[in-house]
Amino acid sequence: MSSMNNARDLLHSAETCINNDELDLAQSLIDQVVSIRPIEKSIFADAVNILLNAALYSKAKSLFEIYRIETGLNLVSDYSYEEITKMEQDSRPIVSVDNPVRFRRMSIRERGHFSNIFTLWPVKEIKISDANFSITQGGKIYQFDWNQVSSARIVIRDRYKSYGTGTAAKFTQKTFILIVENKEFKFDVSTNFPDFKNNDQLLNLLMKHLQIEIIDNRG
């Protein structure tokens with residue numbers, strides 16, 4: 001097998017691992033990819049994109065440095081080093097009592113299909129500050145202090161999602177279940193097809209303020 005084919009196979013495996021939230025294994029596979037010689041620019045560029053899909057910004061930026069050291073050239077990919085740095089900064093918003101962050105539910109067009117969680121009254125918006133948070137659902141805005149949350153958990157399952165006539169693909173679905181004041185809110189926080197724009201930011205902030213139980217119901 002040629003080095004190029006081997007690298008492509010490893011990239012495909014890394015992408016599959018990311019789809020299944022196996023981020024450590026994905027990064028290990030990427031490390032193998034970039035150790036293959038001779039160096040191929042397109043392989044590095046594709047590896048950057050795969051890492052960005054998992055919001056692994058620092059790891060993606062490190063590939064630019066490796067490429068420069070090995071070749072003496074600047075890596076050209078879909079996103080520049082500077083653009084990735086800006087993505088990384090934007091993924092860590094400054095949140096305070098006076099500076100809440102809003103997370104908006106994406107439209108069907110933005111997601112590319114219906115939500116993985118089917119409900120008549122989806123959560124439309126989540127607003128987070130250090131002092132409290134609010135959830136918009138069914139035309140109502142519910143505001144709570146963080147200490148009012150009685151349960152927060154992420155349930156992980158294997159699911160199949162159709163992409164067209166006669167086609168389907170397996171992916172890892174992560175459902176966030178939040179119980180406050182005896183009211184239950186559900187929304188999808190999967191790596192693929194989440195409900196909310198800036199899903200990684202949302203998860204990071206929820207994890208900052210809540211003790212979250214992880215329930216893994218995969219095979």
Side-chain angles (χ1 to χ4, degrees), residues 1-94 101-116 161-164 167-174 188-205:
M1 179 183 293
S2 71
S3 60
M4 176 72 80
N5 288 338
N6 186 30
R8 290 289 176 201
D9 287 343
L10 288 170
L11 284 177
H12 178 73
S13 296
E15 192 166 22
T16 299
C17 288
I18 285 173
N19 290 341
N20 291 325
D21 288 327
E22 298 170 332
L23 300 187
D24 289 341
L25 180 54
Q27 292 183 80
S28 176
L29 290 169
I30 294 292
D31 287 339
Q32 294 180 52
V33 169
V34 300
S35 70
I36 293 174
R37 299 296 181 270
I39 280 183
E40 171 58 45
K41 181 179 69 175
S42 65
I43 295 294
F44 270 68
D46 288 346
V48 166
N49 286 338
I50 289 171
L51 292 168
L52 290 180
N53 284 340
L56 296 170
Y57 304 111
S58 295
K59 186 72 174 181
K61 291 197 297 183
S62 73
L63 300 193
F64 284 80
E65 184 65 13
I66 293 170
Y67 187 84
R68 186 188 63 79
I69 290 172
E70 292 288 339
T71 68
L73 302 171
N74 292 323
L75 176 63
V76 177
S77 69
D78 291 340
Y79 298 93
S80 69
Y81 186 95
E82 291 72 23
E83 287 172 325
I84 297 170
T85 298
K86 180 65 164 55
M87 291 180 197
E88 187 175 27
Q89 292 169 346
D90 290 344
S91 73
R92 297 193 293 264
I94 299 173
V101 177
R102 285 182 171 86
F103 296 92
R104 175 183 60 80
R105 180 182 172 87
M106 290 188 285
S107 67
I108 294 174
R109 180 182 293 273
E110 289 173 303
R111 284 195 306 269
H113 52 74
F114 292 100
S115 171
N116 296 311
K161 172 62 67 175
S162 294
Y163 292 88
T167 62
K170 185 178 179 181
F171 73 101
T172 300
Q173 180 188 5
K174 296 191 294 185
D188 194 289
V189 293
S190 305
T191 301
N192 291 312
F193 321 124
D195 282 344
F196 286 88
K197 192 170 185 177
N198 299 320
N199 183 59
D200 295 314
Q201 288 184 22
L202 174 60
L203 269 178
N204 287 338
L205 288 176

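In this chain, residues are counted from 1 in sequence order. All values below come from the heavy atoms of this structure, side chains included, with hydrogens, waters and symmetry mates left out.
- If you check the side chains of S13 and R8, you find no donor sitting under 3.5 Å from an acceptor.
- Between the side chain of R37 and the main chain of S35, a donor-acceptor pair closer than 3.5 Å is present.
- In this structure, the side chain of N199 engages the main chain of V189 through a donor-acceptor pair within 3.5 Å.
- More than 12 non-hydrogen atoms from other residues, nucleotides or ligands lie less than 6.0 angstrom from CZ of F64.
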Assess whether salt bridge (Lys or Arg N to Asp or Glu O under 4.0 Å) is satisfied between D31 and K59, documenting all intermediate values. CA-CA 10 Å; D31 287 339; K59 186 72 174 181; 2.4 Å; yes

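- Without hydrogens or angle criteria, E65 side chain to S62 main chain gives no donor-acceptor distance under 3.5 Å.
- Between the S190 side chain and the F193 main chain, no donor and acceptor come within less than 3.5 Å of each other.
- S28 places no side-chain N or O within 3.5 Å of a backbone atom of D24 that could act as its donor or acceptor partner.
- In this structure, the side chains of N74 and Y67 stay at 4.5 Å or more apart for every pair of heavy atoms.
- A donor-acceptor pair is defined here as one N or O able to donate and one able to accept, closer than 3.5 Å; no such pair exists between the side chain of Q201 and the backbone of V101.
- T16 places a side-chain N or O within 3.5 Å of a backbone atom of H12 that can act as its donor or acceptor partner.
- Counting heavy atoms from C-beta on, the side chains of V34 and I39 never come closer than 4.5 Å.
- Checked against the 6.0 Å centroid criterion, the rings of F103 and F196 do not qualify as a close aromatic pair.
- The two residues A26 and A14 come nearest to each other via the heavy atoms CB-O, 3.6 Å.
- In this structure, the side chain of D200 does not engage the main chain of A55 through any donor-acceptor pair within 3.5 Å.
- A heavy-atom distance below 4.5 Å is not found between the side chains of I36 and I43.
- Side chains of T191 and K174 form a contact here, defined as non-hydrogen atoms less than 4.5 Å apart.
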